[in-house]
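Structure first, then comments.
A, B, ... follow the sequence lines: proteins, then strands. Residue 1 opens every chain.
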Amino acid sequence: MIAETVLVNGFEPSRFVASLNVGLVSRGISGVLREGKIWSVVEVLRSVEKLGISALGLFDGSAIKMLAKECRRIVDCGEVEEAVELMEILAGFRFSIKKLVEPHDVIKICIEKCNPEMAVRYACILPHAQILFCTIIHEFGKKGDLRSALTAFETSKHKLSGPNMYAYRMMIDVCGLCGDSVKSRYIYEELLSQKVTPNIYVFNSLMNVNAHDLSYTLRAYKHMQNLGVIADMASFNILLKACCLAGRVDLAQDIYREVQHLESTGILKLDVFTYSTIIKVFADAKLWQMALKIKEDMLSAGVTPNTVTWSSLISACANTGLVEQAIQLFEEMLLAGCEPNSQCCNILLHACVEAFQYDRAFRLFQCWKGSGFQGTFGKVDNGSTDNILHAENTYENCSTTMPNCRTDSHYSSYAKKFSFTPTTTTYNIMMKACGTDYYRAKALMDEMKTVGLSPNHISWSILMDICGGSGNAEGAIQILKTMNMAGIKADVVAYTTAIKVCVESKNLKLAFSLFSEMKTHQIQPNLVTYNTLLRARTRYGSLHEVQQCLAIYQDMRKAGYVHIQ
DNA sequence: TTAGGGTTAG
């Protein structure tokens with residue numbers, strides 16, 4: 001028991017070596033570990049290594065288990081610096097770190113504790129450190145912590161011999177994720193200043209993150225061509241996205257023709273992203289027929305539309321107010337065996353709401369939820385008989401649960417079930433479908449909570465609008481306060497809605513007070529806010545009100561807006 | 001490793 005005594009009561013290398021017996025020492029180490037004295041063990045290991053004895057050789061199976069348990073305990077305590085330091089030392093003793101603790105757990109804790117330096121230091125003792133650097137940068141980005149992501153990026157650069165394209169690309173993506181596209185440009189320029197030619201992934205990420213700025217994206221694309229980096233399908237798809245965001249149908253068409261040409265020469269193969277994006281270009285421009293033409297193009301090219309493609313096609317019709325066509329496309333999607341998701345269902349529901357077909361929206365919603373709906377079809381608000389999805393094309397989930405929903409055996413093979421999970425957006429759309437029925441909208445908001453969803457600032461704005469629209473201005477203002485109390489910060493739309501309600505109820509005093517309140521909360525009014533306030537100017541009675549109106553005009557011009565009415 | 005679809009105010 002000499003080793004145990006040595007380890008517990010103090011350490012003298014000469015006595016230790018003289019009595020060295022691996023079995024005994026291992027038991028001794030276990031004993032010390034049991035007491036949680038891991039740093040004493042480290043001290044012993046350092047000393048024996050100095051004597052030319054392998055530290056690893058002193059551990060038997062049970063001692064290793066003890067060591068792993070103690071490491072785990074330190075990691076669980078969240079003491080990242082201690083954990084990383086210990087792992088570095090143990091790795092130096094050639095212990096398999098991966099077997100002691102799950103590497104991702106340590107990195108996870110470093111990320112939770114916002115310690116990018118420690119995360120990178122830890123990654124360095126593991127194999128595939130470069131891939132882990134990217135994971136660390138990405139994880140910080142997902143948290144919206146751009147600062148830590150950048151620190152991890154900078155720290156990782158020192159550990160690498162040359163610029164790593166994976167890390168650069170990831171850092172650019174994270175800038176986009178955190179809403180700082182300008183920063184992504186600096187990252188890219190840093191590569192250029194090192195006379196490094198970025199690869200296609202770096203260029204694609206840069207263009208994607210800056211897609212909202214068409215001229216920048218096009219400049220990046222030109223530069224990429226000048227450097228001889230060959231554009232791939234993703235590059236073109238991103239260019240199409242940039243055109244879509246800028247509303248540049250003409251340019252998008254040029255690109256579409258160009259890629260079609262490249263496809264005919266066998267250089268590229270247009271994919272489902274290409275077709276879906278160009279469909280969205282036309283959908284946004286209300287060119288639904290052009291969108292449908294693209295569907296034909298893709299089918300003849302042998303590319304199968306997916307949920308996103310169908311969604312874009314449906315919104316092409318929805319944006320033009322063509323509810324019937326939208327529903328027909330939805331039906332066609334089901335026929336093609338493509339299962340709609342919540343987003344796709346929301347587009348259709350929204351199409352109904354935009355066309356004031358509230359009843360139809362509710363019928364679809366109830367049917368998809370699979371609760372007590374008496375049929376998918378029936379009369380819409382205007383009183384005419386209307387097939388939502390023609391009676392024989394009904395879904396099985398409706399027909400099986402609802403006796404009045406007829407199923408035609410001819411169609412039952414394709415009318416398969418699809419699961420429908422309403423989201424907050426779904427409920428928001430349905431709240432809009434309540435028109436001016438405040439209590440119905442309020443009930444939907446309560447239902448939202450019971451199904452585990454949280455109303456967002458949009459839900460509250462809609463509720464406020466409905467309340468005001470039903471003639472209850474005071475109630476609407478109360479909702480603005482309630483949303484703040486519920487922890488949802490009122491944004492420019494919420495305030496503008498409240499101001500609108502005040503203006504409509506001729507309470508100009510309150511409208512002006514809300515306007516100054518939003519400014520004290522650092523919420524910048526926009527053109528809609530100004531116009532809403534100024535819309536009331538014909539009602540200004542007192543000199544004070546006219547003065548306030550003039551002040552609003554000045555304020556608006558200072559903010560760079562021009563009043564158009 | 002990259003790219004696409006949904007909701008609020010005048």
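Contact annotation: A:Lys500 side-chain N/O to B:dG10 OP1/OP2 distance is under 4.0 Å. The shortest distance between the side-chain N/O atoms of A:His350 and the OP1/OP2 oxygens of B:dT8 is below 4.0 Å. Using a 4.0 Å cut-off, no side-chain N or O of A:Lys280 falls inside it from OP1 or OP2 of B:dA3.
When each of B:dG5, B:dT7, B:dA9 is scored by its nearest atom to the side-chain atoms of A:Ser312, the top-ranked nucleotide is B:dG5. Distance from the side chain of A:Asp271 is smallest for B:dA3 among the nucleotides B:dA9, B:dA3, B:dG4. Considering only side-chain atoms of A:Asn237, the nucleotide from B:dT8, B:dT1, B:dA3 that sits closest is B:dA3. For A:Val493, counting side-chain heavy atoms from C-beta on, the closest listed nucleotide (B:dT8, B:dA3, B:dG4) is B:dT8. Candidate nucleotides B:dG4, B:dT2, B:dA9 were compared by shortest atom distance to the side chain of A:Val308, and B:dG4 ranks first. Minimum atom distance to the side chain of A:Asn208 is reached by B:dG4, of the listed B:dG4, B:dG10, B:dA9. The side chain of A:Ile347 lies closest to B:dG5, out of B:dG5, B:dT2, B:dG4. Comparing B:dG4, B:dG5, B:dA9 by their nearest atom to the side chain of A:Thr496 picks out B:dA9. With B:dT8, B:dA9, B:dT1 as the choices, the nucleotide that has an atom nearest any side-chain atom of A:Glu354 turns out to be B:dT8. Checking B:dG4, B:dT7, B:dG10 against the side-chain heavy atoms of A:Lys241 singles out B:dG4 as nearest.
Atom CD of A:Gln260 sits in a crowded spot, with more than 12 heavy atoms from other residues, nucleotides or ligands closer than 6.0 Å.
Spacing between atom CG of A:Asn199 and atom C1' of B:dT1 amounts to 9 Å, rounded to whole angstrom units. Regarding A:Leu177, its CG atom lies at a distance of 12 Å from the P atom of B:dT2, rounded to whole Å. A:Asn164 has its CG atom 14 Å from the P atom of B:dT1, to the nearest Å. One atom, CH2 of A:Trp288, and another, P of B:dG5, lie 22 Å apart when rounded to the nearest Å. Between A:Leu245 atom CG and B:dA3 atom P there is a gap of 14 Å when expressed in whole angstrom units. At whole-Å resolution of the value, CE in A:Met430 and P in B:dT7 are 15 Å apart. Residue A:Met233 contributes atom CE, which lies 14 Å from atom P of B:dA3 at whole-angstrom precision. If you take CD1 of A:Ile238 and P of B:dT1, they are 16 Å apart, rounded to a whole angstrom.
Looking at heavy-atom distances under 4.0 Å, A:Thr274 makes no contact with the nucleic acid at all. Note on A:Thr423: a base of the nucleic acid sits closer than 4.0 angstrom, heavy atoms only. A:Val202 comes within 4.0 angstrom of nothing in the nucleic acid, heavy atoms only. A:Thr532 comes within 4.0 angstrom of sugar-phosphate atoms only, judged by non-hydrogen atoms across all strands, and of no base.
Judged by the 6.0 Å and 45° rule, A:Arg440 forms no cation-pi pair with A:Tyr358.
Side-chain to base pairing of A:Ser276 with B:dG4: one donor and one acceptor N or O lie within less than 3.5 Å of each other. The base of B:dT2 is not paired with the side chain of A:Arg169 by any donor and acceptor separated by under 3.5 Å. On a pure distance criterion of 3.5 Å, a polar donor-acceptor pair joins the side chain of A:Ser311 and the base of B:dG5. Taking only distance into account, the side chain of A:Asn341 meets the base of B:dG5 through a donor-acceptor pair shorter than 3.5 Å.
Taking the six-membered ring for Trp and the full ring otherwise, the centers of A:Tyr168 and A:Tyr201 sit at least 6.0 Å from each other.
With centroids closer than 5.5 Å and planes inclined by less than 30 degrees as the test, A:Phe273 and the base of B:dA3 pass as a stacked pair.
A salt bridge is absent between A:Lys481 and A:Glu517; no separation between the charged side-chain nitrogens and carboxylate oxygens falls under 4.0 Å.
Panel note: side chain A:Lys449, backbone A:Pro455; no donor-acceptor pair is recorded below 3.5 Å.
Using a 4.5 Å cut-off on side-chain heavy atoms (C-beta onward), A:Ser459 and A:Tyr427 make no contact.
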side-chain contact (heavy atoms from CB on, under 4.5 Å) evaluation trace for A:Glu447 with A:Met430: CA-CA 11 Å; A:Glu447 184 183 313; A:Met430 295 318 296; over 6 Å; no
